[in-house]
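Accompanying notes for the structure given below.
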Amino acid sequence: MINITLPDGSMRQYEAGVTPLDIAKSISEGLARNVLAAKVNGNILELYRPINEDATVQLLTWNDEDGKHTFWHTSAHLLASALQELYPGIHFGIGPAIENGFYYDIDFGKYEVSSDDFPKIEKKMMELVQAKTPVTRREVSKAEALKTFGDRGEVYKVELINDLEDGSISFYDSGNFTDLCRGPHLVDFSPIKAVKLINLAGAYWRGDEHRPQLTRVYAISFPKKKELDEYLVMLEEAKKRDHRKIGKELGLYMFSETVGKGLPIWLPKGTDLRLRLQEFLTKIQKRYGYQQVMTPHIGSKCLYETSGHWEHYGEDSFRPITTPEDGEVYLLKPMNCPHHCMIFKNEPHSYKDLPLRIAEFGTVYRYEQSGELHGLTRVRSFTQDDAHIFCRPDQVKEEFIKVMEIIEIIFKALSFDNFEAQISLRDPSNTTKYVGSDENWAKAEQAIVEACKEKNLPAKVEYGEAAFYGPKLDFMVKDALGRRWQLGTIQVDYNLPERFELEYIGSDGQKHRPVMIHRAPFGSMERFCAVLIEHTAGKFPLWLTPDQFIILPVSEKYVEEAQALKIKLEEMNLRGTLDTRDEKIGRKIRDAELAKYPFMLILGEKEINEGTVSVRRQGAGDLGSMTPEAFAAIVEEEIKKVM
RNA sequence: GCUGCAGUAGCUCAGCUGGUAGAGCGCAUCCUUGGUAAGGAUGAGGUCACCGGUUCAAAUCCGGUCUGUAGCUCCA
């Protein structure tokens, strides 16, 4: 008998050779039906693999990331099997599971395949599912593996096998399809109840643009048809919320070929939104002791040689700017930190002055490959809500906590209720590639971990993910559709204080080196606005939205009164606009609904006589008539909830 | 940057195998003066991204450029 320990800590006894499927059956029928694979002593294995000694076993279902992964990996084999039947003679690259589904890289050779063929492929896949084709594993020698794939002209597989060690090679068979694969897999295809091919894309063999380009077939699969339908609805919804579409519709920003690619231009409404965000953060920062500065958009090349950015990024940056007469060399500012270091250096500092918190909405310019550009999220010119905190090593934790508080306030005001954090620490097994003393690293890493604990922030610790100059804490938010976005970041830096020889005088009268903390709660205004648009679908919170109301006079006769009302509301610190078009009220309402004005104020004869307005909420409908004061109170009330 | 796909009116798009352009929305003018998601009429608006080629003839076919877009190890 052997002892099997389950995730809840309970232990059960089984005959040696028991399989994970047996274990599932012994627990419950339902579990046996839903189990996909098992994690045995940390290794994910098939359900039919016998367990011969004491082990910790976790049964994996669709609800486990690893279970999903196995499900999709097997689905990739299913896709390949179907493709092989439909297009004999094609060659296979790799076919892994990914975050949302899976793909297979295929060399289709003479075949022309397009998305028109998707239904045919999906149908073939479901046929193989219905045949309950088993997926079986066998171990093979390297020579045998090379022969099998060599004979078939599978050049990509042969290349992969050549990189593998003899004795660790396994094949998986499913019907007529055999794949080189580490596994693990489902027992057979039958749990796969719904498949959907998503798109085709070119992908270089092994990501190398000098090697052949294969066709990557992206797909996703589910254990229930209903889940596929939900997923497809979510994709549709995501498309509708695309910030590039909504940004255009709401007139927030534009791009111009003539101005240059990746260079966003903020239109009046977008500028209004962005300035309001900036004002909001500025106010909080003031409360937290930040001082605002402004620095030029270019800086002497020497500045970036000192900072090390020239050496690191010079080749991948915009080319330097030179003066016509003296040949001086300047660079477009890729970061604000060097400028801020010079501000610190501008005068001597006592330990009593620290921390010094220097903030700037600093526009920076970075050369991104043209293929990397994407709406507002990946651009060549963007504005960071940047700040640098110069502090003593013993102040790091306190400063972290304060920055975390700022981030919390922001997320709350913008209804990002779902967020998590990642702590990036250095790789403990290789500390040589980092700058800064071991003592300072230990102090800062501990400070971050403790700060998260104190703030009750669920944070995932990743070793080896730190920058070479210091550990960091990144914030990820989940938007309304459950998509994850990385926004704010707090980073400790030992490098720049060293390079710029920053100093303060300690209580001992000696010179000491300050620690620098970089932080940007929004990340960049561009990226943040993009995420905000997708999160809210363009229906911004009331405190932020460019126009809180639109006044809709029932007929042109009441325009004058409408204008008076607008002024009155503006005097009450509300902002909005007025629709004076010669249109019927139904039409004005429809247009205002589509333009996402939070409140529509309808003004006709009745309201004018009563001294009221008829209030309509976007997406919710008529709220009835009330005085302008009562309306202002509603707005104020709603804003107060998040601020 | 590389590869695929795309670029037609301010916007969204139609235009089959070549015969020099169309719709809806928007805009302008006029009629209509209206109660909670589209009132009506008339009109203006296009070097079919740009450059070159094939052709009697190019939005349409070919080549190049520009811009947009999807993807470019998440490792058998």
Side-chain angles (χ1 to χ4, degrees), chain A residues 69 72-73 76-77 80 92-105 112-115 140 142 145 149 154 156-165 168-172 178-183 198-218 242 244-245 248-249 251 254-262 316 367-375 552-559 581-595 600-607 613-625:
Chain A
H69 207 270
W72 282 333
H73 192 179
H77 281 233
F92 296 91
I94 60 168
I98 52 176
E99 202 180 316
N100 284 305
F102 56 94
Y103 67 78
Y104 218 114
D105 282 347
E112 295 258 348
V113 178
S114 77
S115 54
V140 295
K142 187 162 181 175
F149 283 106
E154 289 283 4
Y156 308 106
K157 295 290 180 190
V158 166
E159 184 180 325
L160 293 170
I161 295 165
N162 274 322
D163 290 346
L164 296 175
E165 275 189 33
S168 66
I169 298 175
S170 55
F171 279 3
Y172 279 80
T178 296
D179 204 354
L180 168 73
C181 186
R182 179 193 292 144
I198 304 293
N199 69 339
L200 297 174
Y204 300 101
W205 173 235
R206 300 196 134 181
D208 182 345
E209 66 189 60
H210 302 295
R211 309 209 55 188
Q213 191 173 40
L214 308 181
T215 304
R216 178 165 296 179
V217 186
Y218 283 91
D242 191 320
R244 292 169 300 184
K245 180 174 177 295
K248 195 184 247 174
E249 284 168 2
M254 60 171 269
F255 285 95
S256 151
E257 221 176 283
T258 313
V259 171
K261 58 183 160 188
D316 304 316
Y367 174 78
E368 300 282 355
Q369 286 194 21
S370 57
E372 298 290 336
L373 300 175
H374 181 91
L552 311 178
V554 170
S555 100
E556 280 186 311
K557 283 191 289 199
Y558 313 116
V559 166
R581 292 176 307 164
D582 177 15
E583 292 292 349
K584 289 174 114 164
I585 190 67
R587 177 50 181 275
K588 292 183 190 176
I589 287 171
R590 179 183 152 81
D591 290 346
E593 285 278 351
L594 293 175
M600 284 146 267
L601 305 180
I602 293 151
L603 193 66
E605 191 179 355
K606 188 169 125 254
E607 289 79 9
V613 282
S614 174
V615 179
R616 186 187 161 100
R617 179 83 217 223
Q618 202 270 351
D622 196 357
L623 301 185
S625 299

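All values derive from a computational prediction rather than experimental measurement. Naming: A, B, ... by sequence-line order, numbering from 1 per chain.
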If we take the C1' atom in both B:A21 and B:U60, what is their distance in whole Å?
12 Å
Using the P atom as the reference point in each nucleotide, state the distance between B:G64 and B:G1 in Å, no decimals.
16 Å
Test side-chain hydrogen bond (donor to acceptor under 3.5 Å, both in side chains) applied to A:Glu556 - qualifying residues, sequence neighbours left out:
none
Among residues at least two apart in sequence or on other chains, which ones pass ring-ring contact (aromatic ring centres under 6.0 Å, His included) with A:Phe92?
A:Tyr104, A:Phe177
Identify all pairs in which a protein N or O lies below 3.5 Å from an N or O of nucleotides 38-40 of chain B, and state each distance.
| unit_1 | atom_1 | unit_2 | atom_2 | d |
| --- | --- | --- | --- | --- |
| B:A38 | N6 | A:Arg590 | NH2 | 2.8 |
| B:A38 | N1 | A:Arg590 | NH2 | 3.4 |
| B:G39 | OP1 | A:Arg587 | NH1 | 3.3 |

Using the P atom on both, measure B:C27 against B:U20 and round to a whole Å.
32 Å
If the C1' atom of B:U69 is compared with that of B:A76, how far apart are they to the nearest Å?
31 Å
Please confirm whether the shortest side-chain N or O distance from A:Tyr218 to OP1 or OP2 of B:C72 is below 4.0 Å.
yes
Under a 4.5 Å cut-off applied to non-hydrogen side-chain atoms, are A:Ser625 and A:Lys606 in contact?
yes
Expressed as a whole number of Å, how far does the P atom of B:G46 sit from that of B:C61?
25 Å
Which of the following nucleotides, B:U33, B:A37, B:A76, is nearest to the side chain of A:His73?
B:A76
Does a side-chain N or O of A:Lys248 approach OP1 or OP2 of B:U12 to a distance below 4.0 Å, or not?
yes
Is the closest basic N to carboxylate O distance between A:Arg617 and A:Asp622 below 4.0 Å?
no
Do other residues, nucleotides or ligands put more than 12 heavy atoms under 6.0 Å from the CD atom of A:Glu99?
no
Only counting residues at least two apart or in another chain, list the ones meeting side-chain contact (heavy atoms from CB on, under 4.5 Å) with A:Ala203.
A:Asp105, A:Arg216
Consider the side chain of A:Leu164, meaning its heavy atoms from C-beta on, and name the nucleotide among B:A76, B:A37, B:G35 that approaches it most closely.
B:A76
Applying side-chain contact (heavy atoms from CB on, under 4.5 Å), can you list everything that pairs with A:Leu594, at least two apart in sequence or on another chain?
A:Arg590
Looking at B:A37, does its base get a donor-acceptor pair with the side chain of A:Arg616 below 3.5 Å?
yes
Atom pairs under 3.5 Å: protein N/O with N/O of nucleotides 65-69 of chain B:
| unit_1 | atom_1 | unit_2 | atom_2 | d |
| --- | --- | --- | --- | --- |
| B:U67 | OP1 | A:Lys261 | NZ | 3.4 |
| B:U67 | OP2 | A:Lys261 | NZ | 3.1 |
| B:U69 | OP1 | A:Arg244 | NH1 | 3.4 |

Kindly point out which of B:G1, B:A76, B:G35 is positioned nearest to the side chain of A:Leu160?
B:A76
Quantified in whole Å, what is the P atom distance between nucleotide B:A59 and nucleotide B:U54?
16 Å
